[in-house]
S.K.: 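Structure below; questions to follow.
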2 protein chains.
Amino acid sequence: MSRRSYNQYCATAHALDIVGERWTLLLVRELLTGPRRFGDLQANLPGMGTGLLAARLKYLTEEGVVAPVTLPAPANTPAYALTEAGHALGPAVLALADWGMTWALGPRAEGEVYRAGWAVLAMRSAFVPDAAEGVAGVYEFRVADEVFHARVEDRSVETVHGPAQRPDVVLTAADGDTFKALLLGGVSFADAEREGRATVAGDRGLLDVLVSLFDWPQPRERVSSARPR
Amino acid sequence: MSRRSYNQYCATAHALDIVGERWTLLLVRELLTGPRRFGDLQANLPGMGTGLLAARLKYLTEEGVVAPVTLPAPANTPAYALTEAGHALGPAVLALADWGMTWALGPRAEGEVYRAGWAVLAMRSAFVPDAAEGVAGVYEFRVADEVFHARVEDRSVETVHGPAQRPDVVLTAADGDTFKALLLGGVSFADAEREGRATVAGDRGLLDVLVSLFDWPQPRERVSSARPR
DNA sequence: CCGGATCCGTAACGATACTG
DNA sequence: CAGTATCGTTACGGATCCGG
């Protein structure tokens, strides 16, 4: 338990005792798409001091949410991964992302950092299993200098950072905004390629299928009036 | 946006910018079961300073998550309620509660505060719609000095604090532990009544039905080993 | 260079006292 | 009852330094 506990016998309070401190759930978000090294975490969590990052990792390790691992050869470098309990936080992080997409995101603000990898979680959240009936495919995405991939299979999607082993199709987008527009269906892949903002290699048909697998929430405005009973 | 923003164009980060500060999600948890007055919130959030509570309410009001209301006559007293955006946080709070019940709750620790009202959220979380096929009933619960009720109808449950208008059955439990044991099915209503720890008024058959509507998660131990890929 | 540990100024929090 | 005001304590953020 963190030094500051809510001291309530309540499931929500206990959960927040462990993962409710500043940065913690964003740290879990990073690890939800696979193991990461200290430096990668630092790069994706700008504003978080190295001391704090180290302290959080240590605390979460003690609490059995995170575990240190050694990346497979040839990297052989230390990294951090989620335990089973850590992975179980996925639904909670996705529920927050869901709320954020609907009620808090809006257009990109000035100076806001954007990493395409974060869209990976959004894909999990907006994925519609029923729409993926009979769909199977491995997608690799390269956005700016980031690489991640998605594996669609059996009405489910699995999103992980890093390259795919044998992708059916590789989508390269110049920047995050282009990638987002493509995923939301606002821009066609053909148009983006024509404008030089994206390139596609492999089974392009699978990309059009991909877009149809998501149901993106309609952004709403928060208004200051009580909800009628 | 709170003064300290994560400054990331990410749905999770934006959500946490608004509701990620200390106490905020517990405050939302309180309001998820209906409007509450300042003093009630204070009483259910021991350890939170009045100044901080006032600041949070003000901030959340500005952000359109909470709205000040006047309780209906004869109370006619000021209170706080959730807006539509605030109610939309329900799934996120429940997801955290779910995780907490499985991975973080355990037995009650020494000195931990327990309010029966918190079990109300747990009931929402553990409710199994399929088990409630054809079930309808209004339950009122009185635990220690707290009163709340549940309305089961059409494969759904609605839990609100305060008394019910026309309850089918009223369950009075001496303390939270008794109430919990009854709900989890560890103790029968007859036994509890015999021991003087509970009384039942109304349609007692509905209570046995109630217990069958929940699927309580099996508590798990958090262990410090990475989850296999 | 990566993975941290240490230090210090600032902002956030917690407890209590006080006011309309 | 519903909040302000105040003040000591804790947590965070940024920078610098250190060992492999």
Side-chain angles (χ1 to χ4, degrees), chain A residues 1-8 13 16-27 30-31 35-63 66-71 74-81 111 113, chain B residues 1-8 13 16-27 30-31 35-63 66-81 111-113 145:
Chain A
M1 189 152 317
S2 46
R3 290 225 271 105
R4 248 183 208 174
S5 163
Y6 290 113
N7 208 39
Q8 299 182 353
L16 291 173
D17 275 339
I18 295 175
V19 298
E21 293 180 276
R22 187 161 168 76
W23 291 110
T24 300
L25 281 175
L26 292 187
L27 179 49
E30 289 301 312
L31 297 178
R36 303 215 99 144
R37 315 194 315 174
F38 190 93
D40 295 332
L41 292 170
Q42 199 181 350
N44 279 335
L45 298 171
M48 186 182 196
T50 62
L52 189 55
L53 175 55
R56 286 281 188 279
L57 287 169
K58 183 181 174 194
Y59 173 71
L60 291 174
T61 298
E62 287 168 357
E63 291 295 336
V66 160
V69 296
T70 299
L71 256 34
N76 269 104
T77 168
Y80 295 91
V113 180
Chain B
M1 190 151 319
S2 46
R3 291 225 272 104
R4 250 184 207 176
S5 164
Y6 290 113
N7 207 42
Q8 299 182 354
L16 291 172
D17 275 339
I18 296 175
V19 298
E21 294 180 275
R22 186 161 168 79
W23 292 111
T24 300
L25 281 175
L26 293 186
L27 179 50
E30 289 301 311
L31 298 178
R36 304 216 99 144
R37 313 192 318 173
F38 190 94
D40 295 331
L41 293 171
Q42 200 182 348
N44 280 335
L45 299 171
M48 185 182 196
T50 62
L52 189 55
L53 175 55
R56 285 281 186 281
L57 287 168
K58 183 180 173 193
Y59 173 71
L60 291 174
T61 298
E62 288 167 356
E63 291 294 336
V66 161
V69 296
T70 299
L71 256 35
N76 270 105
T77 168
Y80 295 90
E112 266 186 344
V113 180
D145 60 341

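Each chain gets a letter, A, B and so on, in the order the sequences are listed, and its residues count up from 1.
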S.K.: For B:Arg56 and A:Asp40, find the nucleotide of DNA chain C closest to each by heavy atoms; which residue's nucleotide sits nearer the 5' end?
M.R.: A:Asp40
S.K.: In whole Å, what is the span from the NZ atom of B:Lys58 to the P atom of D:dA5?
M.R.: 10 Å
S.K.: What's the closest nucleotide to the A:Arg22 side chain, out of C:dG14, C:dG4, D:dG13?
M.R.: D:dG13
S.K.: Would you kindly give the CD-to-P distance between B:Gln42 and C:dG14, to the nearest whole Å?
M.R.: 13 Å
S.K.: What is the distance, to the nearest angstrom, from the CG atom on A:Leu27 to the C1' atom on D:dC12?
M.R.: 15 Å
S.K.: Using the C1' atoms of the five pairs at each end, what is the angle between the end axes of the helix from C:dC1-D:dG20 to C:dG20-D:dC1, to 10°?
M.R.: 20°
S.K.: Out of curiosity, B:Trp23 CH2 to B:Leu41 CG, how far, rounded to the nearest 0.5 Å?
M.R.: 12.0 Å
S.K.: Expressed as a whole number of angstroms, how long is the span from A:Leu53:CG to D:dA11:P?
M.R.: 18 Å
S.K.: So does A:Tyr80 get a side-chain nitrogen or oxygen closer than 4.0 Å to the phosphate oxygens (OP1/OP2) of C:dG4?
M.R.: yes
S.K.: Does a side-chain N or O from A:Trp23 land closer than 4.0 Å to OP1 or OP2 of D:dG13, or not?
M.R.: yes
S.K.: With rounding to the nearest 0.5 angstrom, report the CG to CG distance, A:Asn44 to A:Leu31.
M.R.: 10.5 Å
S.K.: In this structure, how many angstroms lie between the C1' atom of C:dG4 and the CE atom of A:Met48, rounded?
M.R.: 13 Å
S.K.: Roughly how far, to the nearest 0.5 Å, is CD of A:Glu30 from CG of A:Leu45?
M.R.: 5.0 Å
S.K.: Report yes or no: is there a donor-acceptor pair, N or O only, under 3.5 Å between the side chain of B:Thr50 and the base of D:dA2?
M.R.: no
S.K.: Between C1' on C:dA15 and CZ on A:Arg4, what's the gap in Å once rounded to a whole number?
M.R.: 12 Å
S.K.: Using 0.5 Å steps for rounding, measure from the CD atom of B:Gln42 to the CG atom of B:Leu52.
M.R.: 11.5 Å
S.K.: Among C:dG3, C:dC13, D:dA2, find the nucleotide with the atom closest to the side chain of B:Thr77.
M.R.: D:dA2
S.K.: Rounding to a whole Å, what distance do you find between A:Phe38:CZ and C:dC1:C1'?
M.R.: 14 Å
S.K.: State which of C:dC13, C:dG3, C:dA5 makes the closest approach to the side chain of A:Ala54.
M.R.: C:dA5
S.K.: Could you state the atom-to-atom distance from CD of B:Glu21 to P of D:dA11 in whole Å?
M.R.: 16 Å
S.K.: What's the spacing between B:Arg56 CZ and B:Arg22 CZ if we round to 0.5 Å?
M.R.: 9.5 Å
S.K.: Distance check: side-chain N/O of B:Arg37 vs OP1/OP2 of D:dA2, anything under 4.0 Å?
M.R.: yes
S.K.: For A:Tyr80, run the side-chain contact (heavy atoms from CB on, under 4.5 Å) check against A:Leu27, A:Leu57, A:Asp40 and tell me which one passes.
M.R.: A:Leu57
S.K.: Working to the nearest 0.5 angstrom, can you tell me the gap between B:Gln8 CD and A:Leu26 CG?
M.R.: 5.5 Å
